[in-house]
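Read the numbers this way: they start at 1 and go in the same order the structure lists the ligands and their atoms.
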Amino acid sequence: MQKYKIAVIPGDGIGPEVMRESVKVLEHVAGADGSFAFDFTWFPWGCEYYLKNGEMMPADGMDILSGFDAILLGAVGFPGVPDHISLRDLLLRIRHDFDEYINLRPVKLLQGASCPLAGVRPGDVDMLFVRENSEGEYSGQGAWLYKDTPQEVVIQDSVFSRKGTERVIRYAYELARKEKKTLTSISKGNALNYSMVFWDQIFAEVGRDYPDVETHSLLVDAASMFMVKDPKRFQIVVTSNLFGDILTDLGAAIAGGMGLAAGANLNPERKYPSMFEPIHGSAPDIAGKGTANPLAAIWSASQLLDFFGYEDWGARIIQAIEKLLISKEALTPDQGGAATTEECTAALLRYIR
Ligand code: NAD
Ligand code: IPM
Ligand code: MN
């Protein structure tokens with residue numbers, strides 16, 4: 001039997017509440033299949049840990065994680081610890097140091113999910129974002145000069161390497177070719193005269209190897225407008241770290257909300273563990289109430305199954321989520337229901353069976 005060692009970092013706020021549910025679903029799937037099993041190890045890292053220990057994870061945290069096949073993460077960040085510390089030292093550190101340079105974020109409106117756009121039906125919103133996840137605007141480089149003086153200057157550098165830009169764009173082309181879909185690159189070369197001019201150049205260069213793939217190039221401002229006015233035009237999308245962050249929250253808004261938005265942080269070479277997480281945060285406004293929607297975390301668990309080659313199970317989970325949404329049974333308040341987090345999962349498990 002194939003065994004997978006999974007590190008679970010529930011994190012903060014609703015992170016632990018949704019993580020428990022996603023683990024339940026993976027345990028259920030492994031039990032039903034019988035050919036593979038998961039061995040989960042839970043790590044109490046996050047903001048509470050920071051307040052006790054002065055660090056988000058122990059000094060050898062990354063070494064510990066490197067021994068796992070994958071990581072499941074809930075959410076990180078909570079009032080009381082500055083976000084730039086909690087996120088940089090845990091979530092962003094893992095993405096960067098494990099070279100998880102692909103962030104795959106489906107923006108897919110399932111039947112039964114609510115969409116705020118008039119006249120838009122499920123088939124009209126079916127995108128897959130390939131977000132650069134290791135550099136760009138998130139390089140963490142810069143300077144804070146003359147701090148606390150009237151001359152104060154801050155510099156936040158974006159870093160776009162040829163290697164980093166090429167590999168994410170090539171990944172997106174490969175995906176578009178494999179799935180016979182169009183590929184849209186989103187950038188901002190009219191204002192960002194180094195980074196995004198370079199991005200566009202690489203998009204065109206790599207594209208010469210994929211004459212069979214239909215491509216489009218959009219400026220990020222126009223792309224935001226088209227995502228609302230005409231979401232059908234997007235299939236596979238490739239974009240930079242920050243643009244991908246912002247556009248996928250917009251994507252979540254048109255595809256059922258934050259409670260349904262999932263993401264996979266992949267190291268495609270499998271040299272390091274990949275990490276699967278809902279794209280929402282710790283939701284301090286609803287934390288502790290037991291009403292967080294677990295479906296985003298569960299959707300990310302389906303991405304883990306896909307990554308290990310169990311695409312049938314991955315698809316079955318998405319189908320079960322869709323059936324649950326159509327039934328309107330046991331949905332959490334963000335989906336217009338009155339169910340608790342646990343009741344939602346329990347109902348979902350019946351649809352997976
Ligand atoms: P958020 O995603 O936590 O919440 C935004 C809104 O969406 C809130 O109203 C929240 O209640 C709702 N929401 C989010 N997930 C939900 C779910 N599963 N079910 C029902 N409703 C849900 O974003 P925020 O408020 O901007 O950030 C809160 C904290 O989380 C901050 O510290 C932020 O830095 C951090 N954050 C972490 C991650 C991550 O760990 N991946 C992602 C985004 C934000
Ligand atoms: C996300 C989050 C993170 C990001 C934050 C919490 C650093 O918003 O995963 O979308 O910006 O990548
Ligand atoms: Mn985000």
Considering only non-hydrogen protein atoms, determine which one is nearest to [atom] and report residue, atom name and distance to 0.1 Å.
atom	result
atom 3 (O) of ligand 1	Ala283 N, 2.8 Å
atom 32 (O) of ligand 1	Asp83 OD1, 2.7 Å
atom 1 (C) of ligand 2	Arg105 NH2, 3.3 Å
atom 7 (O) of ligand 1	Met258 CG, 3.9 Å
atom 11 (O) of ligand 2	Tyr138 OH, 2.5 Å

Does the separation of the ring centres of [X] and [Y] fall below 6.0 angstrom?
X	Y	value
Phe40	Phe38	yes
Tyr210	Tyr173	yes
Tyr4	Phe307	no

Are [X] and [Y] side-chain neighbours, meaning at least one heavy-atom pair lies under 4.5 Å?
X	Y	answer
Ile71	Leu65	yes
Ile14	Asn293	no
Ser240	Met196	yes
Asp334	Leu260	no

Salt bridge [X]-[Y], side-chain N to carboxylate O under 4.0 Å:
X	Y	answer
Glu27	Lys24	no
Arg170	Glu166	no
Glu269	Arg167	no
Lys188	Asp221	yes

Identify which of [options] has a heavy atom lying nearest to [atom].
atom	options	value
atom 29 (C) of ligand 1	Pro79, Ser282, Gly74	Ser282
atom 22 (C) of ligand 1	Val76, Asp334, Ile286, Asp12	Ile286
atom 18 (N) of ligand 1	Leu92, Asn293, Ile9	Asn293
atom 25 (O) of ligand 1	Gly281, Gly80, Pro284, Ala252	Pro284
atom 9 (O) of ligand 1	Asp285, Val18, Leu90, Leu91	Asp285
atom 42 (C) of ligand 1	His280, His84, Arg95	His280

Distance below 4.0 Å between [atom] and any protein heavy atom?
atom	answer
atom 27 (O) of ligand 1	no
atom 39 (C) of ligand 1	yes
atom 12 (C) of ligand 1	no

Quick check on Glu342: does its CD atom have over 12 non-hydrogen neighbours (other residues, nucleotides or ligands) under 6.0 Å away?
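No, CD of Glu342 has 12 or fewer neighbouring heavy atoms, counting only those of other groups under 6.0 Å.
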Check this for me: His96, atom NE2, are more than 12 non-hydrogen atoms of other residues, nucleotides or ligands nearer than 6.0 Å?
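Counting other residues, nucleotides and ligands, NE2 of His96 stays at 12 neighbours or fewer.
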Sole candidate of Leu295, Asp126, Leu325 that passes side-chain contact (heavy atoms from CB on, under 4.5 Å) when paired with Leu110
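Filter result, single survivor: Leu325.
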For [X], atoms of ligand 1 separated by under 4.0 Å from a heavy atom:
X	result
Ile279	42 (C), 43 (C)
Gly77	32 (O)
Leu87	34 (O)
Glu277	41 (N)

Can you tell me if [X] and [Y] form a side-chain donor-acceptor pair at under 3.5 Å?
X	Y	value
Ser161	Glu135	yes
Glu322	Tyr351	no
Tyr138	Asp245	yes

Number the atoms of ligand 2 from 1 as they appear, then name those within less than 4.0 Å of a heavy atom of [X], with their elements.
X	value
Leu87	6 (C), 7 (C)
Arg95	1 (C), 4 (C), 9 (O), 12 (O)
Arg131	4 (C), 10 (O), 11 (O), 12 (O)

Applying a strict under-4.5 Å side-chain criterion to I, L, V, M, F, W and Y, I'd like to know whether Val23 and Ile9 cluster together.
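No.
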Please state which part of Ala296 comes within less than 4.0 Å of ligand 1, counting heavy atoms only: side chain, backbone, both or neither.
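Ala296 to ligand 1: no contact under 4.0 Å from either part.
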Would you kindly specify which portion of Ile14 sits under 4.0 Å from ligand 1, judged on non-hydrogen atoms: side chain, backbone, both or neither?
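Answer for Ile14: side chain.
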Run through the protein N/O/S atoms less than 2.8 Å from the Mn ion (ligand 3) and write them out by chain and number.
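Sorted hits: Asp245 OD1.
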Pairs of nitrogen or oxygen atoms closer than 3.5 Å, one from Asp245 and one from ligand 2: do any exist?
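For ligand 2, there is an N or O atom that lies under 3.5 Å from one belonging to Asp245.
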